[in-house]
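Only this structure's heavy atoms are used, side chains among them; waters, hydrogens and symmetry mates stay out. A note on names: the letters A, B, ... follow the listed sequences, proteins ahead of strands, and every chain is numbered from 1.
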Amino acid sequence: MKKFNNFKKIWNNLFIRTKLTLSFVFTSLILVFSNIILYSEVNQVTTKIDDIYISNVRLNDLSDALAATYDNVYEFLNTKSSAALENYYRSEQIFRGFLEDLGAETTDNQVQLLEKNIYNMSVSYLEITDETVKAKRGRDIEKYKNLNEDAASLYQYINSYIYELNNQQFSSNTSNYRILLTSLKSMEVISIVLLLLVCIINAFVLGIITRSILSPLSDLARTANAVAAGDMDAPLITVTSGDEVGIVTNAFNQMVYSIKTYISVTKENMENERKMKERELLMETHLKDAQLKYLQAQINPHFLYNSLNAGAQLAIMEDAEKTCLFIERMADFFRFNVRKLTEDSTLSEELEAVDNYIYILNVRFSGDIHFEKQVDPSVVNLKVPSMILQPLVENAVNYGIRNIDWKGIIRLEIEREKNQVIVHVIDNGKGMEPDRIREILDGGIGNDTNTTDSTGIGIHNVMSRLSLYYNKRELFHIESKGINKGTTVTIYLPFDQEKDRENVSDIISR
Amino acid sequence: MRKTIVPAIIGLLVIMIVTIGGWLYYNKVINNIELEEINETNSYTYHYVLVVDNTESVFWNSIYESAKEEAARNDAYLEFVGSTPASDYTVADYLEISIAARVDGIIVEPNGDYKVEKLIEKASKNGIPVVTVMEDTKKSQSSRISFVGINSYELGQIYGEAVCKFVTDDTKKVLVLLKDGTENYGIYAYMKAAVNERLSGQMQIEIQSYQVDSKISFETEEIIRDIFLDTDMVPDILVCLDETDTECAYWAAIDYNKVGVVDIIGYYPSETIISAIEKGIVLAAFQFDKEKIGRDCINALVEFKQMGYVSDYYSVDVEMVTKENINEFRESVP
């Protein structure tokens with residue numbers, strides 16, 4: 001079984017060309033082999049027929065040699081020529097040569113007995129002819145005449161015996177030949193059956209091999225059609241052979257796999273892009289919203305801060321330095337607002353805006369607002385979405401420490417912790433209930449920008465922009481220990497998302 | 001894969017079986033051709049020849065069969081040659097052939113031919129022992145080693161006895177058919193003497209002989225028919241000293257309506273003669289112990305080879321077959 005599997009493995013890994021050649025060679029070998037056997041049998045028959053009739057042929061040769069000997073003796077007796085004598089000796093040798101083929105054994109087989117008789121008679125005959133020749137040379141006329149008569153009658157006897165033997169051999173040969181002929185007929189039937197069998201087996205083997213070659217191909221075609229019809233989930237074909245079809249199947253499988261991967265990557269990319277676009281749109285909406293709100297509140301900031309600048313110059317001319325400073329700060333604040341809404345700012349710029357805002361408020365409210373800040377100097381250059389700190393501080397002023405009986409303090413802390421920058425805006429004002437905190441975080445409250453004192457950007461806007469900017473939630477946190485216990489608003493700015501921020505700012509700036 | 005491999009292997013096996021089966025069958029047939037020749041052949045050391053005048057005669061064939069068996073027992077093969085209707089060769093020719101063929105022994109029935117006598121001498125000169133059977137050489141100093149058969153005297157006595165047995169008061173004439181140049185004349189003479197001796201003075205019976213020339217084909221039959229046609233010659237008892245003569249006489253008696261007129265005393269009881277005896281047309285025939293003749297011929301040759309000499313004469317037992325003992329005879333002869 002193991003060997004069979006090995007064979008199967010080797011066979012499967014052959015190229016189609018080799019497979020076809022091998023199967024052709026295999027079937028041809030079977031044909032050749034069976035033909036060799038048939039031919040060898042036919043050959044055997046031919047040899048046998050030769051063997052059967054060779055005895056007759058030999059006898060004819062013997063008869064001819066005897067006749068030649070007889071003629072040459074006669075010739076010599078007639079002419080006494082040395083040529084005839086020479087011929088006699090030569091023909092005698094030939095005759096003796098043929099005699100050697102005859103059996104000289106006594107048996108009850110008529111043919112063999114005849115052979116023996118012919119042999120002995122021939123030997124006797126040759127003795128007589130020898131004597132005749134000697135007598136002729138010795139010119140013993142009487143003797144050689146008598147001897148020649150004896151030889152002549154013996155010659156007749158031998159000839160008639162040869163004739164008899166020939167007949168007997170021919171008849172027994174003919175019966176053998178008949179047997180052989182019958183066997184040849186059956187041989188013919190066997191041969192035809194054999195050839196038919198070989199043909200059937202060959203056709204069968206070729207059929208098997210062709211099917212084994214073509215069935216993976218039709219599998220491949222079927223799957224290819226399914227894939228072409230859009231069924232990317234069509235099962236992959238198992239590759240069992242290492243031939244050309246196997247290679248093509250492998251390549252096809254790989255192609256289907258690659259197409260699938262490519263499609264999923266493309267899908268993912270498209271999904272990402274769609275999300276990004278959505279974010280971008282939202283961001284834009286919020287910015288627009290913020291901008292609109294701001295513009296609604298500040299009809300014409302450019303005109304306002306240009307006017308403020310003119311006011312500042314007027315104050316310097318009148319030596320009212322404090323007024324000048326106040327007006328300058330206000331101008332800076334509004335300029336920042338106008339400029340920065342469309343682009344990213346840095347934390348330091350944000351801090352400056354907060355400072356300006358507090359200064360303005362302190363001038364307005366005669367220093368009622370106590371503002372403290374503690375900033376990690378290493379993070380002041382961090383890029384952040386604009387207008388995120390000032391609204392928080394504004395919130396703390398408006399909803400925290402306004403109208404309280406105690407000294408209101410607002411504290412801004414910026415610190416770095418691992419991969420993020422944490423900004424706390426802490427006030428010791430009115431504080432709030434947890435329900436209200438939840439409402440604010442859910443976006444129900446905190447978006448009210450219609451307050452006359454507001455710069456126009458609500459806390460919810462800040463929250464939304466942060467999560468859009470960083471593509472993250474949970475960046476905003478509000479904490480309060482209850483009524484009159486102050487509020488802490490915390491935002492977490494991711495530190496390592498420089499690239500993301502750039503992307504976003506690019507999109508925004510576009 | 002398995003489903004396809006199994007039928008393929010079975011197919012290959014079938015091919016192999018058919019091929020091998022065909023091959024074996026074929027070889028068997030071919031080998032049988034040779035075996036047939038070899039199986040039927042036995043080899044022998046010696047080669048004897050039985051030369052007779054007529055190889056188709058039942059009598060000689062019976063002798064040949066027994067002699068052949070005896071020869072085989074003595075490691076010899078006995079060849080049976082002689083004139084056949086198809087061959088022109090005579091006993092003399094076959095003797096000459098046998099001498100040239102250097103056989104180890106010759107058994108011959110001399111037919112009185114001078115050439116045969118000479119060839120018997122030649123054979124002896126060439127070291128081939130010759131046994132004569134049924135007929136002996138004419139020459140008293142023949143070099144044949146032995147004679148197996150019945151001599152003229154005995155045969156004459158037996159025939160005489162038979163004639164005496166069948167003579168009636170009406171019997172006037174007995175005619176004896178003689179082959180020319182053979183020993184038959186002696187038989188005739190002894191027979192005549194025997195008849196005369198037994199019937200001395202009681203009856204006047206005329207005993208005549210008639211020469212039948214056996215040299216010319218179909219002559220015997222014509223001569224015998226002539227006898228039946230010639231009213232002067234028609235005997236009361238016709239004595240035949242030969243198998244062929246007996247049969248010819250039998251058919252002539254029937255054809256010329258001489259049944260009951262001419263009584264025939266035959267020679268050897270062949271199938272035809274036996275039925276003739278049953279019908280009463282042939283009165284008697286003489287049965288020789290053929291097996292013993294055959295055995296004696298071979299034994300003479302074997303003994304001569306072993307001892308260098310052999311008994312000059314082997315006697316043959318003769319039994320007269322008549323209507324009375326024909327059934328016994330039939331039983332004894334298969």
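Of the inter-residue distances, the one linking A/S160 atom OG with B/D93 atom CG reads 9.0 Å to the nearest 0.5 angstrom. Of the inter-residue distances, the one linking B/N42 atom CG with A/Q112 atom CD reads 10.0 Å to the nearest 0.5 angstrom.
When all heavy atoms of A/Q156 and B/Y89 are compared, the closest pair comes out as O-OH, 3.6 Å. Between B/A100 and A/L154, the closest heavy-atom pair is CB-CD1, 3.2 Å.
B/Y44 OH: more than 12 foreign heavy atoms inside a 6.0 Å radius. Within 6.0 Å of atom CD in A/E244, more than 12 heavy atoms from other residues, nucleotides or ligands are found, so the atom counts as buried in its surroundings. Heavy atoms from other residues, nucleotides or ligands lying under 6.0 Å from NZ of B/K115 number 12 at most. Within a 6.0 Å sphere centred on CZ of B/F80, other residues, nucleotides and ligands contribute more than 12 heavy atoms. Environment of CZ in A/F98: crowded, with over 12 heavy atoms of neighbouring residues, nucleotides or ligands closer than 6.0 Å. In B/Y46, the OH atom is not crowded: 12 or fewer heavy atoms of neighbouring residues, nucleotides or ligands sit closer than 6.0 Å.
Only the side chain of A/Y161 comes within contact range of chain B, judged by heavy atoms closer than 4.5 Å. Residue A/V111: no heavy atom, backbone or side chain, is found under 4.5 Å from chain B. Contacts between B/V81 and chain A at a heavy-atom distance below 4.5 Å involve the side chain alone, from C-beta outward. A/S153 touches chain B through its side chain: at least one heavy atom from C-beta onward sits under 4.5 Å away, while N, CA, C and O do not. Using a 4.5 Å cut-off between heavy atoms, B/S98 makes no contact with chain A at all.
Partner of B/V14 under the side-chain contact (heavy atoms from CB on, under 4.5 Å) criterion, chosen from A/I200, A/L197, A/V193: A/L197. Partner B/S43 forms a side-chain contact (heavy atoms from CB on, under 4.5 Å) with one of A/T106, A/T107, A/D108 and no other, that one being A/T107.
Looking at A/V123 and B/R102, their side chains come closer than 4.5 Å, going by heavy atoms from C-beta outward. Side-chain contact between A/L113 and B/H47: present, with at least one pair of heavy atoms (C-beta onward) separated by less than 4.5 Å.
The pair B/E79-A/K116 does not count as a salt bridge, with every side-chain nitrogen at least 4.0 angstrom from each carboxylate oxygen.
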